[in-house]
Amino acid sequence: MRIVIAGAGIGGLATALSLHAAGFEDVTVHEAVPEIRPLGVGINLLPHAVRELTELGLGDRLAEIGVATAELAYFNRYGTAIWSEPRGLAAGYAWPQYSVHRGRLQLLLLEAVAERLGPRAVRTGSRITGLGGEDLLIGADGIHSAVRAHLFPGEGPPPWNGLVLWRGTTYGEPFLTGRSMIMAGDGAQKFVAYPIETGGRTLINWIAERPLDGDAPDRGNWNHPADPAEIGRHFADWRFDWLDVPGVIAGAEAAYEYPMVDRDPLPRWTFDGVTLLGDAAHAMYPIGSNGASQAIIDARVLAHSLARGDLAAYEALRRPATTALQLSNREMGPEVVMKLAHERAPGGFDDIEQVIPYAERAEIAAAYKRTAGFDPASLNERPSWNVTR
């Protein structure tokens, strides 16, 4: 079976590795850009994605480039705690959660593809838009997917919700556990930070978000430059006992602007000889750390389904799940606790239990894990998608 993958991002490369592990030898990845470089900033890989990369034999390499996330914590805009929970092994998962530089992860996958499928398995400077004689074309070419546009030509640009993200990295002092992922905000404006390098110095990946004044630039372009000083003025008074938000923003060598966009859920992904994967299939708001993780899971399920001769099983399992997640993210997912805290106590609070009772906060967190497929017990007990040959 001859398989072509459009796109050498995280999803496309994970797909190539998954197909190879499932016994498919004639697999090539085509990437439109002439050179793959380690672009981007930090992302989080949730335990369900780390499980899949570990079962592909990449666990040790991943541990070398990632920081094992110790906790996830939410705060209001004054830095007062709303909710915190352990993550990874400390939360009872059989696999860790990692914070990692997106570009380093992409290069790790690229190296593994070259080792296992050969140096010609990835073809750069090669843009794919439709079938060209292969048995299966997999569109893993991102939110601006040319393959998706070929299948749904009238769709237009990704819809924008009026918010803008600014992203950057800054060397700074460790905060909280030293491996914490934090989110602080009020439902409209927020700040996210977590380390992607620790040791001699801590490299903090950060995201600042608020409604944008004016039109959205370059929808879906992660590399639109932004001025840290301009970003920092919106967070000038966000100085907490445990984190100096404007100081972190000011310390960035570079920052990037990205309008908050996603894609509407599709009625189908698979047509004769073509299917979609990752952001090409289900681009979602970057809430809950699910973009890259879901693409990796897509890759594994697709390879498992193809090995069983049942491509339809891939979409049957993945499309409803990712549709539910896309819609949940539009409602803020687990981050809704910041919105609720602001609505119920806009001036701050002394006792979160009087604002959002523990049972309500716990159910918000648990419900999102179920929707996103990383409830600890279910994940630990689920059979592997490895293919026995």
Side-chain angles (χ1 to χ4, degrees), residues 1 3 5 7 9-27 29 43-63 66 88-89 92-98 100 105 108-109 112-113 115-117 121 135-136 138-140 269-270 275-282 284 288-325 369-389:
M1 185 177 190
I3 303 173
I5 301 167
I10 290 168
L13 295 171
T15 302
L17 292 169
S18 298
L19 290 168
H20 178 266
F24 295 94
E25 300 292 340
D26 192 353
V27 179
V29 183
I43 60 173
N44 251 254
L45 288 178
L46 296 173
H48 53 357
V50 174
R51 172 181 181 172
E52 302 313 323
L53 294 178
T54 301
E55 292 186 353
L56 285 171
L58 299 174
D60 291 343
R61 295 193 198 186
L62 189 57
L89 300 177
Y93 292 99
W95 301 270
Q97 175 173 326
Y98 286 116
V100 62
L105 174 61
L108 182 158
L109 297 174
V113 169
E115 292 166 3
R116 300 177 187 184
L117 283 78
D135 298 299
L136 178 64
I138 301 168
W269 296 351
T270 306
T275 195
L276 300 173
L277 180 145
D279 279 356
H282 50 71
M284 60 189 67
S289 307
N290 262 286
S293 293
Q294 294 296 324
I296 291 166
I297 295 165
D298 287 350
R300 292 278 285 164
V301 174
L302 175 57
H304 185 264
S305 300
L306 280 177
R308 294 164 51 207
D310 187 7
L311 176 59
Y314 159 64
E315 181 172 337
L317 181 62
R318 294 299 296 150
R319 188 169 59 80
T322 55
T323 294
L325 190 54
K369 292 182 180 71
R370 293 192 296 268
T371 299
F374 67 107
D375 169 73
S378 298
L379 175 60
N380 290 346
E381 295 166 8
R382 174 180 59 74
S384 173
W385 285 316
N386 277 346
V387 174
T388 302
R389 288 185 281 165

- request: Start with the C-alpha distance between L109 and L53, add both sets of side-chain angles, then the distance that settles side-chain contact (heavy atoms from CB on, under 4.5 Å), and finish with yes or no.
  value: CA-CA 10 Å; L109 297 174; L53 294 178; 4.1 Å; yes
query: Any side-chain donor paired with an acceptor under 3.5 Å for R300 and N386?
result: yes
query: Is the closest side-chain donor-acceptor distance between T322 and Q294 under 3.5 Å?
result: no
Taking the side chain as everything from C-beta on, heavy atoms only, tell me whether [X] gets closer than 4.5 Å to [Y].
X    : Y    : result
I43  : S289 : no
L45  : L105 : yes
L136 : L306 : yes
L62  : T54  : no

- prompt: Would you call R382-E52 a salt bridge at under 4.0 Å N-O?
  reply: yes
Pair R61 + E115: basic N to acidic O under 4.0 Å: yes
At their closest point, which heavy atom of [X] faces which heavy atom of [Y], and how far apart are they?
X    : Y    : value
A299 : S18  : O-CB, 3.6 Å
L19  : I5   : CD1-CD1, 4.2 Å
L17  : L56  : O-CD2, 3.9 Å
L325 : A372 : CD1-CB, 3.8 Å
E55  : W95  : OE2-CZ2, 4.4 Å
A16  : V113 : CB-CG2, 4.2 Å

- prompt: Between W269 and H282, is the ring centre distance below 6.0 Å?
  reply: yes
Under a 3.5 Å distance rule, please check whether [X] uses its side chain to pair with a backbone N or O of [Y] as donor and acceptor.
X    : Y    : result
D298 : I296 : no
S293 : L46  : yes
N380 : A94  : yes

- prompt: side-chain contact (heavy atoms from CB on, under 4.5 Å) between L302 and L277: does it pass, once the steps are laid out?
  reply: CA-CA 9 Å; L302 175 57; L277 180 145; 3.9 Å; yes
Value rounded to 0.5 Å, distance of [atom1] in [X] from [atom2] in [Y]:
X    : Y    : atom1 : atom2 : value
H20  : D26  : NE2   : CG    : 12.0 Å
D135 : F24  : CG    : CZ    : 10.5 Å
R318 : T323 : CZ    : OG1   : 10.0 Å

message: Please evaluate residues M284 and N290 with respect to the criterion side-chain contact (heavy atoms from CB on, under 4.5 Å), reporting the C-alpha separation (whole Å), side-chain torsions for both, the decisive distance (0.1 Å), and the verdict.
response: CA-CA 8 Å; M284 60 189 67; N290 262 286; 4.0 Å; yes
query: Given H304 and V387, is the side-chain contact (heavy atoms from CB on, under 4.5 Å) satisfied, shown in steps?
result: CA-CA 6 Å; H304 185 264; V387 174; 4.1 Å; yes
task: Under the side chain to side chain contact (heavy atoms under 4.5 Å, CB included) rule, collect the residues that match up with P376, sequence neighbours excluded.
output: Y93, K369
- prompt: Please, which pairs that meet side chain to side chain donor-acceptor pair (under 3.5 Å) have at least one residue in residues 306-317, sequence neighbours excluded?
  reply: T270-E315, E315-R319
